[in-house]
S.K.: 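Quick one: this structure, given as structure tokens, is what I'll be asking you about.
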Amino acid sequence: MKGIGVSPGIAIGKAFVIQKKEPSFIGILLTTPVEKVADTIRFDAAIKRAIHEVEQLKSTLSLSEEDSAILDSQIELLNDPEIRGNVIDKIEAQDKNANDALLEVIAGFVEVFESMDDDYMRARAADIKDIGNRILKNLNQSAENKQTTFEPGTILIAEDLSPSDAITLDVKNIIGFATQIGSQTSHAAIIAKAKGIPAVVGCGSALIEIKNGDAIILDGATGLLVVNPDKESINQHITKRDVFKEQAKHLKSLKDTPAITTDGTRIKLSANISNAGDWPAVFENGGEGAGLLRTELLFMGRDSFPREDEQFEFYKQVALHSKGNPVVVRTIDIGGDKHLSYFNLPAELNPFLGYRAIRICLDQKDIFITQLKAILRASVFGDLKIMFPMISNIHEIRLAKNILEEAKAILRQDRVSFKADIKAGIMIEVPSAAVTADLLAKEVDFFSIGTNDLCQYTLAADRMNEKIAHLYDPFNPAVLRLISFVIEQGAKQSIHVGMCGEMAGDPLATLLLLGMGLKDFSMSAALIPAVKQVVIDNSWEKAKGIWERVKGMHDSKDIIEYLTEFN
Ligand code: PEP
Ligand code: MG
């Protein structure tokens, strides 16, 4: 079976199935006013219990800020008067019982969210489903199986896990769990991560086939679930489980080890983040600041542009939680695949080559100035730097810097404090910028190489198109030459060069990039320990030798094969 892997690790054990006796309300109509009042009370009590459960979960688990924010937004949804109002309407006007009414209302909301253009809003449909399930479970509460203690080595199989399960279940003997429903942000996922238990959610109705006592292998990274596996499969997974445990233990222990090569070169490993809630994961993984703050999240999932004060508060929170580490704030990078429902971007034949990122900001100065003022105001709360995305020529840099100076002038006039000498840099993600890095270096304080876009533009291979995924290849010599040229020009002109594209977090690329002279890598927080391992195991001299060899190779296949020897 396959579900969504939400908490990594391998569990090999015996199933315990939490039975759910579904009370059959389906289709039962309420015929008297008394029944309707009773069902309204039942519904309100279910919501109350659901809110109480989430609040209890918040106060008893040690959660990351991100997971804590998910729970806050779930409480907000549970309190949403529109959901309650629509359910009560159906009970009163259509004689529906609370279960049926709720299912219909949730299905309606889910349909609306799933049909939205905005990715962020579409993803919210999962949250609504989750809330619906949560209330439903509380409506049917009395029918639940209440066993709370388990044999060692138990893998829990359930329709879903509620916050109260997490609190009341004796999890010390539970080595994994799998649920029928759920998503990355569902409670089951949050509980699993907080408790470090491998888990797979969203397995669907196939899960009902599993019986108490069935042998189970569960892979919380890939979402794989094997029921009654053969000996060979068990042995394979025992090895995999032990390797994972060893690796996880070892990588975690690297948190405070400085990233220094065996011959003494200090490398900076930082994280790509989207908001202040990402900081705990950065520090847990030993990250030193944020090499990229993608600001798009602040602009998504809403119906108008955030005002300057709201933006200021967002950047200020990021700065305040940075523990004094540097944070590179990238100005808004919308367009291409990132759309805002309230901002009517024109339909384009080639949106990735069209009206996006800095191009929009230079054209619609009010949007840009508002963001720049907000970042500047927040700059007194931490070590913020400003970065412009999608730069394709020198003219754009000059215009952007002029507007930055205008934003500073306005703040000065209003007597608002900010860091006057804030560093301003650009992303190198368009081939024209890479090829002219020697010219652009004279205009900015730093470069950050965005390999995700640089790769797609250099190879004319859409990064979102699976059909041509084989062409999208960061190890193609064309991409490698551009990266190396940018690093070399940055060094020649004494400006700082970092990398924040996915390649920075690929341990296979680490030695090659070190060999080119890269000393600043920014990636998803979880990838930092594996990259650090490569850095501390190798010398700068060796890395240089590897790049020298790779320079002479013609085909990325050979390059990848050669690099694999060192991993
Ligand atoms: C990149 O293009 O490499 C990058 C980091 O930016 P994004 O992935 O947000 O386009
Ligand atoms: Mg990019």
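Whatever order the structure lists them in is the order used to number ligands and atoms, beginning at 1.
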S.K.: Measure from the Mg ion (ligand 2) to every N/O/S atom of Glu429 and report the name of the nearest one.
M.R.: OE1
S.K.: Please could you name the atoms of ligand 1 that Thr451 approaches to less than 4.0 Å, counting only its heavy atoms?
M.R.: 3 (O)
S.K.: To the nearest 0.1 Å, how far is atom 6 (O) of ligand 1 from its closest protein heavy atom, and which atom is that?
M.R.: Arg330 NH1, 2.9 Å
S.K.: Regarding Asp309 and Lys316, does a basic nitrogen lie under 4.0 Å from an acidic carboxylate oxygen?
M.R.: no
S.K.: Under 4.0 Å from a heavy atom of Glu429: give me the atoms of ligand 1 that qualify, with their elements.
M.R.: 1 (C), 2 (O), 6 (O)
S.K.: Give me the ring orientation class for Phe299 and Phe305: parallel if the planes are under 30° apart, tilted from 30 to 60°, perpendicular past 60°.
M.R.: perpendicular
S.K.: Tell me whether the NZ or CZ atom of Lys323 lies within the 45° cone about the ring axis of Phe283 and under 6.0 Å from its centre.
M.R.: yes
S.K.: Under a 4.0 Å N-O cut-off, is there an ion pair linking Asp263 with Lys544?
M.R.: no
S.K.: Compute the shortest N/O to N/O distance between Glu502 and ligand 1 and return yes if it is under 3.5 Å, no if not.
M.R.: no
S.K.: Less than 4.0 Å is my threshold; does some heavy atom of Met427 fall inside it relative to ligand 1?
M.R.: yes
S.K.: Examine all N, O or S atoms of Asp453, backbone included, and report whether one is under 2.8 Å from the Mg ion (ligand 2).
M.R.: yes
S.K.: Can a salt bridge be assigned to the pair Arg266 and Glu288 using a cut-off of 4.0 Å between side-chain N and carboxylate O?
M.R.: yes
S.K.: Determine, step by step, whether Gln371 and Thr295 satisfy the side chain to side chain donor-acceptor pair (under 3.5 Å) criterion, reporting the C-alpha distance in whole Å, the side-chain angles of both residues, the deciding distance to 0.1 Å, and the verdict.
M.R.: CA-CA 10 Å; Gln371 185 177 30; Thr295 58; 3.1 Å; yes
